[in-house]
Every structure is written in structure tokens, then in C-alpha cells.
Protein chains: 2
Amino acid sequence: MISRIDIEHAAQRIGGYVRQTPIMQLERQAWEIDAQVILKLEQFQHTGSFKARGAFNRMLAQSIPASGIIAASGGNHGAAVAYAAQQLGYHAEIFVPESCPIVKVERLRSYGAQVRMVGANYAEALIASEARAAQSGALTIHAYNQPEVVTGQGTLGREIARQVSELDTLLVAVGGGGLIGGIAAWFGNEVRVIGVEPERAPTLHTALEVGAPTDVEVGGIAADALGAHRVGTLTFEIATHYVEKVLLVTDDAIRDAQRRLWENLRMIVEPGGATALAALLSGQYQPQHDERVGVILCGANTSLAQIESGYQTHI
Amino acid sequence: MISRIDIEHAAQRIGGYVRQTPIMQLERQAWEIDAQVILKLEQFQHTGSFKARGAFNRMLAQSIPASGIIAASGGNHGAAVAYAAQQLGYHAEIFVPESCPIVKVERLRSYGAQVRMVGANYAEALIASEARAAQSGALTIHAYNQPEVVTGQGTLGREIARQVSELDTLLVAVGGGGLIGGIAAWFGNEVRVIGVEPERAPTLHTALEVGAPTDVEVGGIAADALGAHRVGTLTFEIATHYVEKVLLVTDDAIRDAQRRLWENLRMIVEPGGATALAALLSGQYQPQHDERVGVILCGANTSLAQIESGYQTHI
């Protein structure tokens with residue numbers, strides 16, 4: 001299992017390449033929550049999500065073949081891999097399904113990546129990327145189920161631990177589980193790490209219930225970021241030891257959290273980035289009086305038009 | 001003149017009511033600027049701008065008549081006064097010109113304020129508010145030219161000084177001058193405080209050139225926040241001692257700073273909130289190698305649709 005020492009090493013490795021993102025402690029009774037809420041503003045990370053941490057860590061921990069890097073993702077992971085490869089001077093080939101919106105393809109290209117549009121869905125693009133890597137010898141970077149990736153995301157746990165003292169609880173959104181796996185590996189039993197998933201993408205919730213990573217149907221507004229069909233095996237093992245529980249939130253609760261972040265704090269996050277907060281705002285997570293609750297805002301890759309149309313009010 | 005002790009007192013007075021906003025130190029060579037850029041994220045303050053500081057300070061420093069508070073502003077100042085009055089349990093009457101957009105009126109009402117729509121422009125609304133205050137006995141809160149207001153905004157200087165060590169320079173947007181007046185009063189000659197104004201609203205620039213606060217024509221995209229016609233006398237005096245210079249930036253440079261804040265950092269600011277950064281990004285301010293340059297992002301009260309339409313690219 002991933003250790004705190006592994007995460008220390010990762011932090012030293014990626015320190016010059018990723019941003020230390022700020023935290024913000026909210027005022028008492030913010031949103032009428034009787035707890036001390038501390039937001040970790042990871043949406044300000046390079047490429048707009050925490051994914052840069054894992055991408056840099058894997059690239060810096062491995063020797064990179066001449067054929068470079070391969071990944072499959074039209075979303076946050078793909079952008080992070082493309083960006084990290086560009087910064088480090090490696091060739092990146094990113095596989096996306098044929099249905100990938102052109103703005104996402106353009107974004108990958110803007111980071112210098114070669115984009116391959118293959119397959120009807122993510123699973124097919126992933127298979128194509130693995131076949132290509134087997135042939136070219138390029139290093140694959142998985143979206144969540146590789147030790148260096150989970151360890152890299154774990155640097156977020158280390159960072160928040162250095163910024164905030166005496167955290168009781170940390171709420172973390174879960175897709176494939178790279179982030180919560182790394183964070184739970186850092187904190188062990190020191191902080192209660194609680195996962196939050198959309199009701200329509202309950203990968204870790206189901207895995208813990210069933211006792212093994214299990215395929216689930218996924219959908220809903222956060223599916224582009226949290227829509228892995230099955231939680232990673234690395235995270236599953238960590239989670240059985242160190243994730244206290246996984247809460248489920250509705251799409252409406254996620255939308256409401258996005259809206260309140262804009263209206264009360266002038267912060268923009270994507271649905272997946274608001275999912276952890278949604279558990280607190282919807283009452284799915286009910287803190288104790290004066291509990292110090294950390295909430296990770298983990299991504300902001302959304303179009304502003306989308307956000308505006310989801311909100312009922314203007315400022 | 002306002003002293004550091006006055007600002008200390010203000011900070012103690014308003015501490016329970018305003019947020020400590022985060023800072024974010026950018027990576028080396030961010031935006032290809034050869035300096036250490038530190039952003040102060042004051043756009044996350046209550047009501048989305050620094051104005052809450054001055055509003056709370058004046059309300060908490062004075063005894064409030066039964067008739068409450070009066071201010072004139074449909075913008076950031078009005079919202080801050082309405083919010084502070086609501087939090088402190090005072091009646092607030094806010095005067096806005098008849099042309100004030102209904103969304104801004106609604107926003108003031110959402111904070112419990114009584115909104116009076118009077119006059120063809122801000123100047124007429126201000127005159128009406130003063131006449132009303134003379135009659136009702138309510139306490140007026142000026143947008144920038146009152147000691148408690150300038151002192152309250154100065155708490156932002158104190159706060160950044162506690163968050164960031166060894167700042168060389170601080171770039172601050174200027175409208176009526178309440179913010180830069182308070183900040184320059186805090187730092188004195190310890191940090192080079194530099195004002196930034198839109199070319200089309202050069203109030204402090206003109207005043208320092210002419211040697212006295214002077215009416216100027218104002219316009220441009222930041223006019224709703226930085227469009228005071230004349231800098232306050234309190235700030236003018238402080239500025240003659242402690243503001244090193246005032247730089248002017250174009251509307252295009254402001255728009256570009258807004259766009260880059262979204263694209264590279266996923267932050268939304270209004271034009272006035274991006275004006276200080278525009279001086280750095282446009283090269284109007286050229287830092288020394290390794291200079292530690294603080295930039296205050298001071299407001300985010302913009303509609304997302306407006307931002308989106310100003311940007312050429314999506315994410």
C-alpha cells in the first residue's frame with residue numbers, strides 16, 4: 001500500500017511543477033452550517049484540476065521512452081497529462097472517443113498533444129491507447145489506477161495537512177478514486193476521510209458495499225469527471241482501511257453547491273468539483289458543533305455559459 | 001492622516017465580520033513575468049469586493065441612529081453597505097440612479113435594503129441621499145471619502161502584510177481611492193504602492209499631475225467600479241506621500257487580464273478587479289528580476305454571461 005513516505009517523495013518530485021493552492025477558512029455559520037468549514041481551492045491548480053499532481057509524479061518517477069507518453073481521456077486527466085508532457089518536453093498522444101467535443105480536443109492540442117479520436121466511448125479509447133502503447137513503447141498514464149498517480153494525488157493531502165491544523169474530517173469527491181486513495185493514504189486514521197459520489201456514479205460506495213471493485217452504471221451531471229465505471233484496485237484497498245464512509249448526493253445538490261459557491265464566494269467549480277461540498281450543503285454530511293471540516297474543491301473545467309444557464313439568479 | 005494604529009483598531013473592530021481572503025503565490029515565470037507574483041484574492045470577500053471592510057468599519061465605529069444607514073451606489077459599495085447593515089441589524093436606505101439595472105436593485109433588496117431610485121446619474125443619487133440623511137438623521141456611508149471607510153479598506157494592507165513576507169511592490173486598482181488610500185496608509189514607505197487606473201478613468205493620475213483632486217471624464221469597461229469622477233481628498237493626501245506612481249491601462253488590457261485569470265487560474269473577476277493585474281500583464285509595470293509583486297484582485301461582481309462573451313476561447 002502507498003505510504004506517507006511515498007507521498008513525501010512525490011511532493012519533492014513535483015514541487016517545482018504544481019501549484020500550492022490556497023485554503024480558505026469560512027466564517028462561522030457560513031451557509032448556516034454549525035462547523036468550521038475550510039475549503040481547499042485546488043480548482044486553481046494547473047489545467048484546472050488536481051490531476052496535474054498525478055500526471056507530473058508519474059512522468060518524473062519513470063524514465064520516459066523516446067515515443068513519449070500515452071493517455072486516454074478527453075477530460076481533466078487528458079489535459080493534465082498533455083500539460084505536464086509539454087512542460088517536461090515529452091511527446092504526448094492522447095486518445096479520446098470520437099464523440100469528444102471539439103473544444104476539448106482543441107484544448108489538448110493547445111498543450112501540444114497529438115490527439116487520437118478512436119472508439120465510441122471512453123472504454124474503447126482506453127483499449128486503443130493501450131494497444132498503441134504496446135506497439136510504440138510509450139509510457140501510459142492511467143487516470144487513477146497506477147501507484148505514481150495515486151501517490152501524486154496524495155500530495156494534496158500532505159499539502160492541506162501543512163496548511164490547516166487539527167482537521168477533523170475531510171470530504172473528497174470520488175470518481176475512479178485516485179484522489180481519495182492518495183489522500184486517505186496520507187492521513188491514515190489521523191483525519192476522517194469521507195468520500196462523496198453522485199448518486200448516479202456510486203463506484204466506491206458500491207465497491208465497499210459489495211466488497212470488491214465492481215462495474216456500475218454511471219450518468220448525471222458530474223459524469224465527465226467522476227464517471228469511472230469502477231473504482232481502482234489501489235484505492236479500493238486503501239479505502240477499506242482508511243475511508244470512513246462514502247456519501248451519495250443528487251445532481252440537484254451538486255448544482256446547488258455550484259450556485260452557492262458562485263453567489264456567496266465568487267468561485268466557479270465544475271460539477272465534480274462541487275460534489276464534496278454538496279454533501280455538506282445538502283445535509284448528507286452533518287458535522288458536529290465546532291468540527292473542523294475540510295472540503296476539497298477539485299476542479300473548475302466548465303464553460304461559463306453552462307454555469308450561468310444552471311443558475312436561477314444573476315448577481 | 002490615517003495611521004497604522006487606526007487600521008489596527010479597524011481590523012479588530014471588523015474581524016468577526018469580514019473574511020480573511022487567501023493569497024496565492026504564482027509559479028516562477030507565470031505569464032512569462034520574471035518576478036514573484038502574489039495574488040491577493042479579495043474577490044472572495046463578502047458581497048464579492050473589498051468594500052465590505054470599509055462599510056463594516058464605519059458602522060461599527062459610529063453610533064447608529066434609529067433611522068439607520070444611508071448610502072448612494074448601485075454597485076459594490078451599495079451591496080457592501082446593505083449586507084453590513086443586514087448583518088448588524090440596521091435599516092439601510094440605498095440611493096441608486098433611475099438607470100440602475102434591475103438585477104442590481106434586486107440584489108440590494110436581497111440584503112434587506114430599502115432602495116430609492118432617484119436621479120439621472122450617480123451624482124444626482126448621491127445628492128438625494130445626502131438630502132435624505134440631513135432630514136432623517138441616518139448615518140451616511142460614503143463610497144471612499146470618509147476616514148472610517150479608508151481605514152477599513154486599509155485592513156486589506158494589514159492582512160496582506162501578515163500573509164506575505166518581504167513584499168517589494170503592491171499594485172492596486174484606483175477608482176475613488178478608498179482602497180489605495182488605506183493600503184498606502186498602512187505600508188507608508190515600506191512597500192512601493194502603485195496605483196493602476198483605466199485610461200478612461202484617470203482620477204488619481206490626474207490629481208497627482210495637477211496637484212489636487214480634479215474632476216475627470218470617466219468611461220470604459222471598469223467604470224461601474226472605478227468610475228468615480230474625482231479622487232477623495234483623504235486618499236489624495238496619503239497618495240502624495242505614499243503612492244509611488246499611477247499607471248494607466250487600456251480596456252483591452254483589462255479584458256485580457258480577465259481572460260487570462262480564467263484560462264490559467266480559473267478565477268473570475270470583474271473589470272475593476274482585473275485592472276491592477278492588467279498593468280503587469282500588459283507591461284505597463286515592469287518588475288525587476290525576482291521582485292516580489294503583490295497584485296490585489298479586488299472584485300468579482302460580474303455576470304458570467306458578460307465574461308463568456310468577452311472571451312475568444314472556451315475551455
Side-chain angles (χ1 to χ4, degrees), chain A residues 15-30 38-49 75-76 79 83 87 101-104 106-107 110 163 259 261-270 273 297 299-311 313-315, chain B residues 15-30 38-49 75-76 79 83 87 101-104 106-107 110 163 259 261-270 273 297 299-311 313-315:
Chain A
Y17 298 98
V18 302
R19 292 178 176 143
Q20 175 174 319
T21 55
I23 57 125
M24 183 161 177
Q25 172 152 352
L26 298 188
E27 60 277 8
R28 291 304 190 93
Q29 302 297 325
I38 298 139
L39 304 178
K40 173 67 171 165
L41 309 180
E42 184 68 7
Q43 75 269 34
F44 303 144
Q45 189 51 265
H46 289 297
T47 68
S49 88
N76 290 342
Y83 171 81
Q87 293 295 309
I102 192 69
V103 297
K104 295 196 173 186
E106 294 290 331
R107 186 165 178 238
S110 78
Q163 292 173 306
R259 183 184 58 75
L261 277 169
W262 171 247
E263 290 191 350
N264 301 138
L265 280 164
R266 297 287 180 267
M267 290 178 195
I268 298 293
V269 295
E270 64 186 275
L297 306 183
N301 290 320
T302 181
S303 95
L304 296 175
Q306 225 162 28
I307 296 257
E308 183 87 344
S309 67
Y311 292 169
T313 59
H314 292 243
I315 57 111
Chain B
Y17 298 98
V18 302
R19 292 179 176 143
Q20 176 175 319
T21 56
I23 58 124
M24 183 162 177
Q25 173 152 353
L26 299 187
E27 61 277 9
R28 292 304 191 93
Q29 302 297 324
I38 298 139
L39 303 179
K40 173 67 171 167
L41 309 181
E42 184 69 7
Q43 76 269 33
F44 302 143
Q45 190 52 264
H46 288 297
T47 68
S49 88
N76 290 341
Y83 171 81
Q87 293 296 309
I102 192 69
V103 297
K104 297 196 172 187
E106 294 289 331
R107 186 163 180 240
S110 78
Q163 293 173 307
R259 184 184 58 76
L261 278 169
W262 171 247
E263 290 190 350
N264 301 138
L265 281 163
R266 295 287 180 267
M267 290 179 195
I268 297 291
V269 296
E270 62 186 277
L297 306 183
N301 290 320
T302 179
S303 94
L304 296 176
Q306 226 164 29
I307 295 258
E308 183 88 344
S309 67
Y311 291 170
T313 60
H314 292 242
I315 54 114

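Letters A, B, ... are given to chains in the order of the sequence lines, protein chains preceding strands, and every chain is numbered from 1.
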(message) Please list all pairs meeting salt bridge (charged side-chain N to carboxylate O under 4.0 Å, His left out) that have one or both residues in residues 15-25 of chain B, counting only residues at least two apart or in different chains.
(response)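 Pairs touching residues 15-25 of chain B that pass the test: A/Glu27-B/Arg19.
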Do you know which two heavy atoms are closest between [X] and [Y], and how far apart they sit?
| X | Y | result |
| --- | --- | --- |
| B/Ile268 | A/Trp262 | CG2-CH2, 3.6 Å |
| A/Phe44 | B/Arg266 | CE2-O, 3.5 Å |
| A/Pro22 | B/Leu41 | CG-CD1, 4.1 Å |

(message) With chain A as the partner, which of B/Gln43, B/His46, B/Gln20 has the greatest number of non-hydrogen pairs under 4.5 Å?
(response)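 Heavy-atom pair counts peak at B/His46.
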(message) Applying side-chain hydrogen bond (donor to acceptor under 3.5 Å, both in side chains), can you list everything that pairs with A/Gln87, at least two apart in sequence or on another chain?
(response)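 side-chain hydrogen bond (donor to acceptor under 3.5 Å, both in side chains) list for A/Gln87, sorted by chain: empty.
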(message) Once rounded to the nearest 0.5 Å, what's the spacing between atom CD of A/Gln45 and atom CG of B/Leu265?
(response)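 Answer for the CD-CG pair, A/Gln45 versus B/Leu265, is 10.0 Å.
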